[in-house]
Amino acid sequence: QVQLVESGGGLVQAGGSLRLSCAASGRTLSLYIVGWFRQAPGKEREFVAAITRSGGLTDYADSVKGRFTISRDNAKNTVSLQMNSLKPEDTAIYYCAVGPMLSPRWPVAHSAYGDWGQGTQVTVSS
């Protein structure tokens, strides 16, 4: 099991930027595909972005393509989510999670992600 801790959330005006970080402990993060998800009040959790173990491939929800960038630093055991051109509809709690260890599948089914962090709140004001 890997323990994940998200950070970097906050309050920002529309059009602004934030950089979220997901730090892992317990196991090396390079063993896992990592995904970012978000959940807005009254809505179901939704997929945001994912990155392969090497960082060579990424996947994004249509709603964030061209605005968000996922990256990873396996030496530091972290995955980041750079969020630019933020919109009020990006307001949510953002979570990171990992796919099955050493999974050869890409992309991983969203239901297969686990070891969720506690989340970090992102609020975008209009």
Side-chain angles (χ1 to χ4, degrees):
Q1 188 176 9
V2 60
Q3 290 77 46
L4 301 173
V5 178
E6 302 92 338
S7 62
L11 173 64
V12 64
Q13 288 188 331
S17 299
L18 283 173
R19 186 176 181 87
L20 305 184
S21 182
C22 174
S25 62
R27 281 184 177 168
T28 178
L29 205 54
S30 63
L31 297 175
Y32 302 92
I33 290 169
V34 179
W36 282 96
F37 294 75
R38 66 187 182 186
Q39 187 166 20
K43 296 186 177 181
E44 292 191 354
R45 186 166 56 198
E46 65 175 0
F47 170 79
V48 175
I51 189 166
T52 54
R53 292 168 52 210
S54 67
L57 293 175
T58 56
D59 188 27
Y60 297 94
D62 287 343
S63 59
V64 307
K65 279 182 182 177
R67 300 188 298 122
F68 291 11
T69 303
I70 188 171
S71 61
R72 67 189 301 159
D73 185 337
N74 285 337
K76 295 182 177 179
N77 234 24
T78 60
V79 172
S80 298
L81 185 69
Q82 177 67 42
M83 306 187 296
N84 298 329
S85 302
L86 283 161
K87 304 175 181 180
E89 51 263 43
D90 294 318
T91 295
I93 299 175
Y94 283 71
Y95 302 88
C96 60
V98 295
M101 190 172 65
L102 297 174
S103 172
R105 292 185 177 272
W106 176 258
V108 174
H110 300 164
S111 60
Y113 282 88
D115 293 341
W116 298 88
Q118 86 289 346
T120 185
Q121 176 72 48
V122 171
T123 304
V124 185
S125 63
S126 57

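Because the structure is a prediction, the values reported are computed rather than measured.
A salt bridge between Asp90 and Lys87 is absent, with no side-chain N of the basic residue lying under 4.0 Å from a carboxylate O of the acidic one.
Inter-residue side-chain proximity for Val64 and Arg38 is flagged as met; some heavy-atom pair is nearer than 4.5 Å. The closest side-chain heavy-atom distance from Thr28 to Asn74 is not below 4.5 Å. The shortest distance between side-chain heavy atoms of Val79 and Trp36 falls below 4.5 Å. Counting heavy atoms from C-beta outward, Glu6 and Tyr94 have side chains that stay 4.5 Å or more apart. Inter-residue side-chain proximity for Ser80 and Arg19 is flagged as met; some heavy-atom pair is nearer than 4.5 Å. Counting only heavy atoms from C-beta outward, the side chains of Leu29 and Val98 approach each other to under 4.5 Å. Two residues are said to be in side-chain contact when any heavy atoms from C-beta on lie closer than 4.5 Å; Phe68 and Leu86 meet this criterion.
Hydrophobic clustering of Ile, Leu, Val, Met, Phe, Trp and Tyr side chains at less than 4.5 Å, counting indirect connections, unites Leu20 with Tyr60. Val122 and Tyr95 fall into different hydrophobic clusters, where Ile, Leu, Val, Met, Phe, Trp and Tyr residues are linked whenever their side-chain heavy atoms come under 4.5 Å apart, directly or through other members. Tracing side-chain contacts under 4.5 Å through hydrophobic residues (I, L, V, M, F, W, Y), one reaches Leu102 starting from Val34; they form part of the same cluster. Leu57 and Phe47 fall within a single hydrophobic cluster, where Ile, Leu, Val, Met, Phe, Trp and Tyr side chains are chained together by heavy-atom contacts under 4.5 Å. One hydrophobic cluster, built from ILVMFWY side chains closer than 4.5 Å, cannot hold both Val108 and Leu31; they sit in different ones.
The line from SG of Cys96 to CD1 of Ile51 is 12.5 Å long, rounded to the nearest 0.5 Å. The CD1 atom of Ile93 lies 9.0 Å from the OG1 atom of Thr123; values are rounded to the nearest 0.5 Å.
Although no hydrogens or angles enter the test, the distance criterion places no donor-acceptor pair under 3.5 Å between the side chain of Arg72 and the main chain of Ile33. At least one donor-acceptor pair closer than 3.5 Å links the side chain of Arg53 to the backbone N or O of Ser30. Remark: side-chain polar atoms of Asn77 are paired, donor with acceptor, to backbone N or O of Ala24 under 3.5 angstrom. Between the side chain of Thr91 and the backbone N or O of Val124, at least one donor-acceptor pair lies under 3.5 Å.
The number of heavy atoms from other shown groups lying within 6.0 Å of CD (Gln118) is above 12.
Aromatic ring pairs are classed by plane angle as parallel below 30°, tilted from 30° to 60° and perpendicular above 60°; the pair Phe37 and Tyr113 is perpendicular.
Closest of all the heavy-atom pairs between Ala92 and Gln121 is O-NE2, 3.4 Å. Taking every heavy atom of both residues into account, Leu4 and Cys22 meet most closely at CD2-SG, 3.9 Å. For Ser126 against Ala14, the heavy-atom pair with the smallest separation is CA-CB, 4.4 Å. When every heavy atom of Arg27 is checked against every heavy atom of Met101, the shortest pair comes out as NH1-SD, 3.7 Å. Here the closest non-hydrogen pair linking Ala112 and Pro100 is O-CD, 3.8 Å. Nearest approach of Gly8 to Thr120, heavy atoms of both residues: N-OG1, 4.1 Å.
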